[in-house]
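Before any comments, here is the structure.
In this text the structure is predicted, and so the values were computed from the model without any measurement.
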There are 4 protein chains.
Amino acid sequence: MPAVTKTSRTSSRLRLRRRRERADLRRSEIITAALTVFAKHGFANTRAEDVAEQAGIAKGTLYLYFDSKEAIYEAALEYAMTQLRELVSERLQSATTAAERMRVFVGTRMEFWSAQGELYQMIMTVGREKHQKKRTAKIIRESVDQINLLLREGIERGELRERPVEMVGWAVMDLIRGMNERRVDGAQPTTIAQDAEFITGIALSYFR
Amino acid sequence: MPAVTKTSRTSSRLRLRRRRERADLRRSEIITAALTVFAKHGFANTRAEDVAEQAGIAKGTLYLYFDSKEAIYEAALEYAMTQLRELVSERLQSATTAAERMRVFVGTRMEFWSAQGELYQMIMTVGREKHQKKRTAKIIRESVDQINLLLREGIERGELRERPVEMVGWAVMDLIRGMNERRVDGAQPTTIAQDAEFITGIALSYFR
Amino acid sequence: MPAVTKTSRTSSRLRLRRRRERADLRRSEIITAALTVFAKHGFANTRAEDVAEQAGIAKGTLYLYFDSKEAIYEAALEYAMTQLRELVSERLQSATTAAERMRVFVGTRMEFWSAQGELYQMIMTVGREKHQKKRTAKIIRESVDQINLLLREGIERGELRERPVEMVGWAVMDLIRGMNERRVDGAQPTTIAQDAEFITGIALSYFR
Amino acid sequence: MPAVTKTSRTSSRLRLRRRRERADLRRSEIITAALTVFAKHGFANTRAEDVAEQAGIAKGTLYLYFDSKEAIYEAALEYAMTQLRELVSERLQSATTAAERMRVFVGTRMEFWSAQGELYQMIMTVGREKHQKKRTAKIIRESVDQINLLLREGIERGELRERPVEMVGWAVMDLIRGMNERRVDGAQPTTIAQDAEFITGIALSYFR
DNA sequence: TATGAATGAGTTTTCATTCAT
DNA sequence: AATGAATGAAAACTCATTCAT
């Protein structure tokens with residue numbers, strides 16, 4: 001019965017794919033929910049059940065998709081960072097001068113976090129807890145390196161004066177973080193473009 | 001029996017005062033202990049018993065001096081901030097120009113937190129939790145105002161060019177925070193003086 | 001439409017019978033699987049899903065054939081005991097003297113459990129839990145009665161001396177159990193035949 | 001103030017001792033309670049809270065005295081086995097011939113378990129669970145060795161005929177276990193003395 | 001009929017807080 | 001005032017059972 005067999009095979013494959021898609025959907029629903037509630041109350045003050053409630057599912061269902069509360073956090077982080085990386089590298093393609101590139105880099109990050117403000121808060125609280133510190137540090141380090149690279153390219157191209165780059169990289173990240181936080185709290189009255197301009201100005205003034 | 005009455009009154013007042021002094025002593029011992037252990041493991045991961053142990057007293061004794069674990073945190077924060085305020089205002093008295101004053105302001109804060117690094121960590125983690133956010137925000141706001149005042153005085157005295165001051169205040173606080181964190185983590189290779197110079201330079205370059 | 005009716009009746013009966021056969025098959029597949037996994041990890045430490053997996057079906061399917069995990073256990077027990085009963089009575093037919101019959105009885109039981117070692121373990125753990133105790137006790141009681149009967153026949157036939165029989169019946173069961181357990185654990189260095197001989201010898205020595 | 005110091009030291013020592021005594025008392029209360037309820041429903045089917053309830057304390061209090069539910073079980077086992085060992089070795093001192101010694105050994109064990117029937121049940125259920133098997137096996141092995149020693153001494157003294165001893169040791173333990181179980185269940189109509197006599201008779205008949 | 005995703009009651013353990021001593 | 005034993009609410013996680021597909 002080759003025909004029958006083939007049909008059944010095909011349909012079982014189809015079912016499998018659909019199942020996987022559903023599972024992926026659920027996972028991302030849970031991640032989204034987690035971002036919301038972790039951010040609202042912090043990681044430690046959020047019960048696994050709160051995440052489930054926010055996702056509109058039962059407590060137990062969480063554990064069908066993740067091994068632990070911690071694993072949910074990690075997945076959420078991973079998810080957001082991948083998105084951010086992609087967004088930044090995409091936007092940077094259309095920028096050439098160091099100043100432009102810096103503006104794009106800073107502005108994109110601010111937009112992203114502004115849209116995902118809660119996630120940002122979550123990283124800022126959870127990421128400071130002992131067992132997550134390394135992971136968070138690595139993520140930030142990566143961004144600093146990107147800024148430094150951007151500056152060094154500017155120096156090589158003669159756009160910027162020869163000066164040590166390292167501290168400026170960190171400073172830019174510090175400023176982005178602060179502004180993000182205030183924006184999330186509704187305490188930043190300026191626009192993202194203004195902030196990006198401000199930070200870029202400050203950073204590049206160092207190289208004049 | 002007036003004589004007796006008087007004597008007894010006096011001695012009872014004396015006893016009362018001594019009692020209060022003893023109580024204040026105990027309170028500050030607990031606060032010191034709390035700063036140490038909260039900072040080492042964060043607020044949520046520290047048990048009330050850990051605080052008691054560090055203070056060399058029994059668990060139950062904590063509750064004779066504070067209403068709750070939370071109250072201990074608040075007292076610790078209050079205490080540290082008062083100390084910082086006093087230190088900064090004392091040091092500022094010997095500084096006159098805006099640049100000097102900024103250097104002193106930044107440097108003093110960095111020294112203070114560097115000596116109390118753990119406390120700083122604590123504020124950074126606990127302070128971001130919802131129910132503490134307002135309190136933390138107020139504390140930071142206060143510092144920003146101080147920087148802004150300092151800058152405006154510089155403008156009035158003609159040392160700095162007329163420019164909006166607000167964003168720079170926040171920026172300075174953001175930079176101080178970042179450097180503090182990295183220093184606590186052992187990730188800041190520069191000296192406090194260098195950092196203070198760097199921040200001051202960046203901030204004042206905005207007014208040239 | 002009698003013809004049609006008849007045809008349809010017949011075919012529906014046929015279908016019904018086939019359905020029942022299929023259901024019985026499934027039930028016994030599940031039982032077999034249950035014996036394997038319950039025995040390997042005990043009743044409490046085995047999840048319904050483990051049984052399903054072993055049976056190569058889905059979790060939910062279990063509940064089409066059994067009301068509960070407990071019901072599966074009971075069915076498995078019933079099944080095994082029926083098998084054992086049949087095996088023993090078959091083998092006993094070729095044995096005549098009390099000694100022979102005892103040897104066969106003991107030996108057959110040991111062989112059976114040895115082949116189904118895991119099941120034996122399961123009964124020994126699960127069967128001791130309160131709600132299963134009565135059932136297990138009844139099963140053992142049945143065996144004891146069989147031994148006692150066997151002994152009384154020996155007495156009647158003059159092969160054995162007149163002595164009370166009851167305690168020996170229990171003793172034989174106790175000894176079988178112990179040796180079974182040790183064999184399952186790999187701690188019994190002797191053969192089944194030797195064990196059967198040992199137990200028979202001890203039991204019958206009581207009647208000399 | 002040596003006198004004062006001394007007094008205070010003494011009283012603090014006293015307090016310490018009393019505290020330890022109280023703690024020991026609590027521990028044994030918990031152990032007793034655990035024996036009761038574990039035995040009644042088995043280890044897996046008993047919630048930690050049931051133990052606490054039986055002991056007349058709160059759930060959390062358990063964990064002041066034991067690290068885990070499992071630790072309670074182990075302590076209970078340890079406790080009982082120590083008691084049994086002591087009791088048996090004490091009673092054996094007054095017995096000389098192999099027959100007497102066997103009777104004492106068997107009888108003492110039966111008395112002990114009969115008084116602590118629930119504990120016995122517990123060991124029989126919990127002890128068969130995978131992760132406890134080794135511990136239980138070791139305990140039984142110890143007893144078998146004792147019986148074997150007892151028999152070998154009898155052989156050496158010429159009271160018993162030279163025969164292999166090992167299987168009899170196990171058999172005696174099997175018989176004791178069975179009778180114990182039935183007595184706990186109220187299904188053993190004979191007295192302990194009668195049972196001990198029966199087992200001794202059977203065991204020694206092997207050496208005639 | 002068969003599936004397996006979803007459920008939520010139930011389990012162990014922790015720890016802030018109380019209170020008898 | 002000081003203690004620390006006791007409490008019980010709360011949290012993470014498991015799994016027998018149900019039910020939409």
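- Residue D/Asp67 places its CG atom among 12 or fewer non-hydrogen atoms of other residues, nucleotides or ligands, all under 6.0 Å distant.
- Between C/Arg18 and C/Glu21 there is no salt bridge, since no side-chain nitrogen of the basic residue lies less than 4.0 Å from a carboxylate oxygen of the acidic one.
- Among the nucleotides E/dT3, F/dA5, F/dT7, the one closest to any side-chain atom of D/Arg22 is F/dA5.
- The nearest whole Å value for the distance from the CG atom in A/Asn45 to the C1' atom in E/dC15 is 15 Å.
- A close approach under 4.0 Å does occur between a side-chain nitrogen or oxygen of A/Tyr63 and OP1 or OP2 of F/dC13.
- Using a 4.0 Å heavy-atom distance criterion, C/Arg19 is classed as a sugar-phosphate-only contact.
- The nearest whole Å value for the distance from the CD atom in C/Glu70 to the C1' atom in F/dA16 is 12 Å.
- Map D/Lys69 and B/Ala48 each onto its nearest nucleotide of DNA chain E; the residue landing nearer the 5' end is D/Lys69.
- To the nearest angstrom, P of E/dT12 lies 16 Å from OH of D/Tyr73.
- Contact annotation: C/Thr61 reaches the phosphate of E/dT3 (side-chain N/O to OP1 or OP2, under 4.0 Å).
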Please evaluate residues D/Phe66 and D/Ile31 with respect to the criterion side-chain contact (heavy atoms from CB on, under 4.5 Å), reporting the C-alpha separation (whole Å), side-chain torsions for both, the decisive distance (0.1 Å), and the verdict.
CA-CA 10 Å; D/Phe66 295 95; D/Ile31 285 175; 3.9 Å; yes
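- Here E/dA20 sits opposite F/dT3 as a Watson-Crick or G-U wobble pair (both hydrogen-bonding atom distances under 3.5 Å).
- Between the CZ atom of A/Arg20 and the P atom of E/dG4 there is a distance of 13 Å, rounded to whole Å.
- In this structure, C/Phe43 and C/Phe38 have tilted ring planes: the angle between them lies in the 30° to 60° band.
- Counting non-hydrogen atoms under 4.0 angstrom, C/Leu62 reaches nothing in the nucleic acid.
- Rounded to a whole Å, the CD atom of B/Glu53 is 18 Å from the P atom of F/dA2.
- For F/dC15, the paired nucleotide is E/dG8, the pair qualifying as Watson-Crick or G-U wobble because both relevant distances are below 3.5 Å.
- Closest to the C/Arg47 side chain, of the nucleotides E/dC15, E/dT17, F/dC15, is F/dC15.
- Atom CD1 in D/Ile72 sits about 14 Å away from atom C1' in E/dT11, given to the nearest Å.
- For the pair A/Leu25 CG and E/dA6 C1', the computed distance is 15 Å after rounding to whole Å.
- A/Lys69 places no side-chain N or O within 3.5 Å of a backbone atom of A/Val51 that could act as its donor or acceptor partner.
- Contact annotation for B/Arg26: backbone-only contact, meaning every heavy-atom pair under 4.0 Å involves sugar-phosphate atoms and none involves a base.
- Counting non-hydrogen atoms under 4.0 angstrom, A/Lys59 reaches a base of the nucleic acid.
- Remark: A/Gln54 CD to A/Leu35 CG distance equals 10.0 Å, nearest 0.5 Å.
- Look at E/dT13: its Watson-Crick or wobble partner, with both distances under 3.5 angstrom, is F/dA10.
- Between B/Gly60 and C/Glu49, it is B/Gly60 whose nearest contact on DNA chain F lies nearer the 5' terminus.
- At a threshold of 4.0 angstrom between heavy atoms, the contacts of D/Tyr65 are confined to the sugar-phosphate backbone, with no base atom among them.
- The nearest whole Å value for the distance from the CZ atom in A/Phe66 to the P atom in E/dA6 is 12 Å.
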